[in-house]
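Taking it in order: structure first as C-alpha cells, then the write-up.
Convention: sequence-line order gives letters A, B, ...; per-chain numbering from 1.
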Amino acid sequence: MIDPHHVLPPEDMSNEAIVRRLTEQANVRIQNGQLKKKKLVWLELTGCSGNIISLMNGFNPNLEYMLTLMVDLVYSNSLMAAEGEEAIERLMSVLDEEFILAVEGAVATKNNGLYNVIGRWRGKPFTALQAAKMLGEKASHVIAVGACAVDGGPSAAKPNLAECVGLSDIVKRPMIKLPGCPCHPDWFLGTLAHLLMNGVPELDNMDRPLLFYSTLIHDRCPRRPFFDKGIFAKTLGEPTCLFKLGCRGPVTRVDCPTRKWDGYVNWPIGASTCIGCSQFGFPDKMGPFISYDITRE
Amino acid sequence: MKKRVVINPLTRISGFMEIDVMLEQNKIIEVKTTGSIFRGFEQMMVGRSPFDAIYLTQRICGICSTAHSVASSLALEDALGVQVTALGRYLRDALHCCEFLQNHIRHTYQYTIPDYVKLPDVSSIFKVDHGDFRLPQKVNEQLANHYFESLRMSRLAHQMLAVIGGKAPHNHGVFVGGISTPPNADQIVRMKSILQTITAFIEEKMVPDVYLIAKYYDDYFHMGKGPGNLMSYGAFDRYKDLGTLYVDPLV
C-alpha cells in the first residue's frame, strides 16, 4: 500500500519542509494509535513554581511543542484545566500506568509534611511529602527539576523552618538531577527528548546530564581574558571580571555562557555576578552573592 | 440544609491554595481560604548579607520574582539612604514592566481562560469534566488559538526582561540604585522592537478577548461581593517628568 504521506520527488528538502513532514507523520501516527505519547507528570512541591514558568519560556522546542508532540502532560498544578478532587483523581490515575515524573520544589518534611499541602485526597490533606513518595516510587523515570528538587535549594535555606530536603532524600532510587534556579527550559526539554529517544542520558557522578553540566562557567566565560590578566571589576556594570565581587562562575558547572537564556539573548553575567544557582548547596554555600569588600586597596 | 464544598488544589494560580465554602440554600454563608505552603522567607534573611535579599527573595514566587527584587532594592535604598537617579528608576521600572506583561498575559490566558474556553484535545491537562462553558464554538475556537499564541507573547515579555535583566525568572538586573548594568542602544532598541509585537497582541486580541468573555458571563458581575476595601502601594507612579503612568498609592 502506498503511504499517503509519502513525498514524491522532487521533494522540498528545506529544514522547514522536513520538519513539517516529520511533524505531520508523527501526528498521523499519534492520531491512529501507532505511536503513543509517554505520560508526563509535573509535580510542583515546596518552592516558587518558577521552573514551570521557565519551561513556558522554552523557545525551541517550546511548551506548545512539548504538549502536542513530545508527551501527554497529565498533571500540572499551574497549567491544568481541572481543579480540586478532579485534579487529584487525574494524578492518582497515572499510578497504574507508565509515566515519567518531573518534580520541581523541595519536599517539606516538618510535621509530617503539613508545611506544604498540594491538594486533598479522600477528604484529607495530601502533602508534598506523600506525593513525592507515592509518585516517586511508581514512575518509570524521575527528573528533579531545579535547585529545590535537587538538594533543597532556596526552600531549604537556613534556618529551613519547613525542614525542606531534596527529592533524593525522600525517594531512594536513581534519578536525573537538573540543578538551576530556575532550571533552563532546554536542560529539561533536552533531557526529556533524550529519555524519549535514547533513554537516560550520560550522567556525571552527581546525576547531572553531561550534555548540559560538563563544563565550568568560568572556563567558557567571555570575561575570562580579564581574569587571566588580573583585571577585576570594582563595581557591577564594569565589563571586566566579576570574580572579586563574588561571582560564582569558577565553581558552577553548567552551559549558561554558551546557551544563554530566554530565547538566547542574555545570561546572568551579562547583568551582574553569577550566584551559583546551578551548583549544589545554593543558596547557603554560594552567598554572599555580591561582596564589595573582598579586597581592600 | 448546609453543604460544604472544598476545592484543593485550586489550580492555575502559581502556588497552593484551598477554598473551603459553606453553602445554605444555594447561598454562600462562609468561606475560608488557606495558603498551604510555608517556607519562612523572612527568617531566611536574618544573618545574611543584605544585598543577597535582592536575589533570594525572588525565589518566593516564580511568576512575579522581579517584584520581590524591586521591593528588596527599595528597602535597601531606604536603609542605606541611597537616592536613586531618575534614569536608574526608569530602567528598573522598565525591567519590572516586562514582568508585568509576562504575568498579565499568562494570568489571562494560561490561568483564567481554561475556566471559560474548552481547550483542544492535544493534552490531558486540558481535559475537564465539569464547567460553565457558554461560548459559541467559533468564539471558543478563536480564544483557544489565542491561548497558544499568547504563550509566544509571554515568552517575548520575559525575553525583553532578560535583555537587561540577564535572565527570567529570577533576574540579575535589579539592584540598589536602579539596575546593575547600564543598557546600550542595541539592547534598548531590541526591547522596543519586542514591545511592539506584544502591544499589538494585547490591543488586538487580549483586551477584546476579555470583553468577549465578559459579555457571555455578564451575570458573574452580580455574583458575590467583597468588602470593597482595596489598597495599593502604587506602581510606576509619580515620576518627575511623566507623572503617574499606572497607579498612585491609595485605599
Worksheet item: Contact part of B:Phe148 toward chain A, heavy-atom cut-off under 4.5 Å: side chain, backbone, both or neither?
Response: both
Worksheet item: Which distance, rounded to the nearest 0.5 Å, do you find between the CZ of A:Phe289 and the CD1 of B:Ile54?
Response: 11.0 Å
Worksheet item: In terms of heavy-atom proximity below 4.5 Å to chain A, should B:His158 be classed as side chain, backbone, both, or neither?
Response: both
Worksheet item: At what distance, to the nearest 0.5 angstrom, does CH2 of A:Trp261 lie from CG of B:Leu161?
Response: 13.0 Å
Worksheet entry | chain A interface, residue from B:Pro114, B:Ser49, B:Ala162 that has the most non-hydrogen pairs under 4.5 Å | B:Ala162
Discussion item. Do B:Leu151 and A:Asn62 make a side-chain contact, defined as non-hydrogen atoms from C-beta onward lying under 4.5 Å apart?
Written reply: no
Worksheet item: Does B:His172 reach the side chain of A:Ile275, with side-chain heavy atoms less than 4.5 Å apart?
Response: yes
Practice prompt. Quick one: which of A:Pro268, A:Pro154, A:Ala108 has the most heavy-atom pairs under 4.5 Å with chain B, could you say?
Written response: A:Pro268
Fill in: Any donor-acceptor N/O pair, B:Ser180 side chain to A:Leu236 backbone, under 3.5 Å
no
Worksheet item: How about B:Gln159 and A:Phe59: do any of their side-chain heavy atoms sit closer than 4.5 Å?
Response: yes
Worksheet item: Checking B:Glu18 against chain A: side chain, backbone, both or neither under 4.5 Å from a heavy atom?
Response: side chain
Worksheet entry | Distance (rounded to the nearest 0.5 Å) between B:Ile37 CD1 and A:Ser49 OG | 7.0 Å
Worksheet item: If we only count heavy atoms from C-beta on, is the B:Arg59 to A:Cys277 side-chain gap below 4.5 Å?
Response: yes
Worksheet item: For B:Met44 and A:Ala157, which heavy atoms make the closest approach, and how far apart are they?
Response: SD-CB, 3.6 Å
Practice prompt. Let me know if A:Lys260 has heavy atoms under 4.5 Å from chain B in its side chain, its backbone, both or neither.
Written response: neither
Discussion item. Please identify, among B:Phe41, B:Phe51, B:Phe175, the residue contributing the most non-hydrogen atom pairs under 4.5 Å to chain A.
Written reply: B:Phe175
Discussion item. I'd like to know which of B:Asn8, B:Thr181, B:Ile179, B:Leu156 tops the heavy-atom pair count under 4.5 Å against chain A.
Written reply: B:Asn8
Worksheet item: Heavy atoms, side chains only, cut-off 4.5 Å: are A:Ile290 and B:Tyr55 in contact?
Response: yes
Worksheet item: Around atom CZ of B:Arg152, are there more than 12 heavy atoms of other residues, nucleotides or ligands at under 6.0 Å?
Response: no
Worksheet item: Can you say whether A:Leu45 sits under 4.5 Å from chain B via the side chain, the backbone, both, or neither, judging by heavy atoms?
Response: backbone
Fill in: A:Asn160, part contacting chain B, at a heavy-atom distance under 4.5 Å
neither
Worksheet entry | Trace of the side-chain contact (heavy atoms from CB on, under 4.5 Å) decision for B:His68 with A:Cys48 | CA-CA 12 Å; B:His68 296 284; A:Cys48 71; over 6 Å; no
Discussion item. If you count heavy-atom pairs within less than 4.5 Å of chain B, which of A:Ile118, A:Ile269, A:Leu161 leads?
Written reply: A:Ile118
Item to complete: Counting only heavy atoms closer than 4.5 Å, note whether B:Ile164 contacts chain A via side chain, backbone, both or neither.
Response: backbone
Worksheet item: Around B:Gln142, counting heavy atoms of other residues, nucleotides and ligands shown, do more than 12 lie under 6.0 Å from its CD?
Response: yes
Worksheet entry | Heavy-atom side-chain proximity of A:Arg90 to B:Lys127 below 4.5 angstrom | yes
Discussion item. If we define contacts as heavy-atom pairs under 4.5 Å, which of A:Thr127, A:Asn77, A:Asp72 has the most with chain B?
Written reply: A:Asn77
Worksheet item: Do B:Arg106 and A:Ser78 have side chains that get closer than 4.5 Å, going by heavy atoms?
Response: no
Response to the item:
From the list A:Asp262, A:Asn57, A:Asn266, side chain to side chain contact (heavy atoms under 4.5 Å, CB included) partner of B:Lys167 resolves to A:Asp262
Fill in: A:Ala87, part contacting chain B, at a heavy-atom distance under 4.5 Å
side chain
Discussion item. So which residue, B:Thr34, B:Asp52, B:Val46, B:Val128, ends up with the most heavy-atom pairs under 4.5 Å with chain A?
Written reply: B:Asp52
Worksheet item: Quick one: of A:Gly50, A:Pro283, A:Pro182, who has the most non-hydrogen atom pairs under 4.5 Å with chain B?
Response: A:Pro182
Item to complete: Take atom CG of A:Asn112 as the centre, draw a 6.0 Å sphere, and report whether it contains more than 12 heavy atoms from other residues, nucleotides or ligands.
Response: no
Item to complete: Please confirm whether the backbone N or O of B:Phe38 pairs with a side-chain atom of A:Asn116, one donor and one acceptor, at under 3.5 Å?
Response: no
Discussion item. I'd like to know whether NZ of B:Lys118 has more than 12 heavy-atom contacts from other residues, nucleotides or ligands below 6.0 angstrom.
Written reply: no
Discussion item. Measuring from atom SG of B:Cys61 to atom CD1 of A:Ile53, what distance do you get when rounded to the nearest 0.5 angstrom?
Written reply: 7.5 Å
Discussion item. Out of A:Ala106, A:Gly47, A:Gly123, return the one with the most heavy atom pairs under 4.5 angstrom to chain B.
Written reply: A:Gly47
Worksheet item: Does A:Arg120 use its side chain to pair, donor to acceptor, with the backbone of B:Pro9 at less than 3.5 Å?
Response: no
Practice prompt. Check step by step if side-chain contact (heavy atoms from CB on, under 4.5 Å) holds for B:Arg48 and A:Asp284.
Written response: CA-CA 9 Å; B:Arg48 226 170 269 271; A:Asp284 287 356; 2.9 Å; yes
Discussion item. Counting heavy-atom pairs under 4.5 Å with chain B, which one of A:Pro125, A:Cys148, A:Cys181, A:Pro288 comes out on top?
Written reply: A:Cys181
Worksheet item: Taking B:Leu119, B:Leu10, B:Val5 one by one, which has the highest count of heavy-atom pairs under 4.5 Å against chain A?
Response: B:Leu10
Worksheet item: Take atom OH in A:Tyr65; do more than 12 heavy atoms of anything else shown fall under 6.0 Å from it?
Response: no
Discussion item. Are more than 12 heavy atoms, taken from residues, nucleotides or ligands other than B:Ile28, located less than 6.0 Å from that residue's CD1 atom?
Written reply: no
Practice prompt. Examine whether an atom of B:Val163 lies under 4.5 Å from a heavy atom of chain A, and if so say whether it belongs to the side chain, the backbone or both; otherwise answer neither.
Written response: both
Discussion item. Please classify the contact of A:Glu44 with chain B as side chain, backbone, both or neither, using a heavy-atom distance under 4.5 Å.
Written reply: both
Fill in: Pick from B:Gly40, B:Gly173, B:Ala168 with the largest number of heavy-atom pairs that fall under 4.5 Å of chain A
B:Ala168
Discussion item. A side-chain contact here means heavy atoms from C-beta on lying under 4.5 Å apart; do A:Trp42 and B:Ile125 qualify?
Written reply: no
Discussion item. I need the B:Ser124 OG to A:Leu67 CG distance, nearest 0.5 Å.
Written reply: 10.5 Å
Discussion item. Is B:Tyr147 close to chain A through its backbone or its side chain, or both, or neither, when contacts mean heavy atoms under 4.5 Å?
Written reply: side chain
Fill in: Segment of B:Pro169 engaging chain A (4.5 angstrom heavy-atom cut-off)
both
Fill in: B:Ile60 portion near chain A, given a 4.5 angstrom heavy-atom threshold
backbone
Worksheet item: Rounded to the nearest 0.5 Å, how far apart are OG of B:Ser154 and CG of A:Leu63?
Response: 9.0 Å
Practice prompt. Considering non-hydrogen atoms only, spot the tightest contact between B:Arg39 and A:Ser155 and give its length.
Written response: CD-OG, 3.5 Å
